[in-house]
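Structure first, then comments.
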Amino acid sequence: MSTQSLAGSGPDQYPSEFPGQQQEPPGWTHVMNPVPDHGEQSYVGSGRLSGLRALITGGDSGIGRAVAIAYAREGADVVLAYLPEEQSDADETVAVVAATGRRVVTVPGDLTSHEACLELAERAASELGGLDILVNNAGFQMARSPGIGDVSPGQLDRTVRTNFYALFWLTQAVIPHLARGACIINNSSIQAYDPSVSLLDYAATKAAINNFTVNLAAELGPKGIRVNAVAPGPIWTPLQPATQPEEKVEKFGQDTPLGRAGQPAEVAPAFVFLASPSEASYVSGTVLGVTGGKPVF
Ligand code: NAD
Ligand code: MG
């Protein structure tokens, strides 16, 4: 299969198999074949997030990049957080977002430290003059460990710190900046419901995120702050060739009812809906599946 353009609409618009490929974490967009569709050519905004201010972790690539593009085209200013080694991916995202005329600020850093989470929250709020939307999207997985005995202490630490500690710390630090009407959206996974043996540690963090989402929604509801999550199925992003074995990459997503992996552009609209103060005004404490048909219950 050669590099191809990903554009169109409908269930069959995207590939259902991929050329074998491998990267090392965190993974980069430009070496992917095909390069994912983040909605660069397709997403059309209609002012649904006009004047809002969003902090998006992992905003350099994959789902985070698609969310950043969609949010900016809906009228939001955005802060993008990502790892320093992902600067080239962040630069590409910035170029597309900046073309909307909305403000985009980049804050590279490793969020597995508490201090980095505190600094990011303060910097984001001061750069944008406040915050209305927190998208906890950064995540790490390693799917090359066949069983529990193969999960090293370092892998477990990185997975839990990235997916749960960082999300918890950043949320704690951002809440003082949120007013009535603000919202928090966490990136969960189909793995919270239908865990793969090769993702034992990762799947557990995603189940924890679902529990955290519902519980925090109960706490923040009286303050007028909504808390939700999106649970994507298999989505074609740098995370996959950087963490899955090659044979899994080739067939990635074929085990869904729609028979293929999703693209980041197909997930971003769920984040737009949950962030929209008018459309999702009564939606809190829920997890919205974007799974290609796999059940999220
Ligand atoms: P991705 O690699 O494009 O994005 C993940 C991002 O997380 C990276 O770009 C990086 O900036 C950020 N990140 C990782 N470790 C970090 C750290 N220590 N400090 C700061 N940032 C860090 O891949 P993606 O698939 O778009 O992942 C985004 C989210 O979607 C993750 O939470 C992932 O678990 C979730 N998700 C992905 C899939 C999928 O199939 N791709 C499915 C379900 C859920
Ligand atoms: Mg990245």
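One-based numbering, in listed order, for ligands and for the atoms of each. Just so you know, these numbers use all the heavy atoms, side chains as well, and skip hydrogens, waters and symmetry mates.
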Hey, is Thr237 touching ligand 1 through its side chain, its backbone, both or neither, going by heavy atoms under 4.0 Å? side chain
Among non-hydrogen protein atoms, atom 30 (O) of ligand 1 lies closest to Asn187 ND2, 2.9 Å
Between the candidates Pro26, Gly139, Gly58, which shows the shortest non-hydrogen contact distance to atom 14 (C) of ligand 1? Gly139
Determine, using heavy atoms of Thr112 and all atoms of ligand 1, whether some pair is separated by less than 4.0 Å. yes
Polar atom proximity, Tyr82 to ligand 1 (N or O, under 3.5 Å): no
Are Ala261 and ligand 1 in contact, using a heavy-atom cut-off of under 4.0 Å? no
Can you tell me if Gln141 contacts ligand 1 (heavy atom of the residue under 4.0 Å from the ligand)? no
The Mg ion (ligand 2) has as its nearest N, O or S atom from Asp60 the atom OD2
Proximity to ligand 1 by part of Arg161, non-hydrogen separation under 4.0 Å: neither
Any nitrogen or oxygen of Leu111 lying under 3.5 Å from a nitrogen or oxygen in ligand 1? Just yes or no. yes
Which angle, to 10 degrees, forms at the Mg ion (ligand 2) with OE2 of Glu86 on one side and OG of Ser61 on the other? 170°
Using a 3.5 Å cut-off on N or O atoms only, is Ile235 in polar contact with ligand 1? yes
Which is closest to atom 43 (C) of ligand 1 by heavy-atom distance: Pro232, Gly62, Ala116, Pro264? Pro232
Return yes if some donor-acceptor pair links the side-chain N/O of Asp132 with the main-chain N/O of Ala182 below 3.5 Å, else return no. no
Could an N or O of ligand 1 be found under 3.5 Å from any N or O of Ile63, whether backbone or side chain? yes
Would Asp77 and Arg53 pass as an ion pair if we require N to O under 4.0 Å? no
Within-cut-off N or O pair, Tyr202 and ligand 1, under 3.5 Å: yes
Salt-bridge criterion met for Arg65 and Glu86 (N-O under 4.0 Å): no
Minimum-distance protein heavy atom relative to atom 11 (O) of ligand 1: Glu86 OE1, 2.5 Å
Answer yes or no for Gly27: is there a heavy-atom contact with ligand 1 below 4.0 Å? no
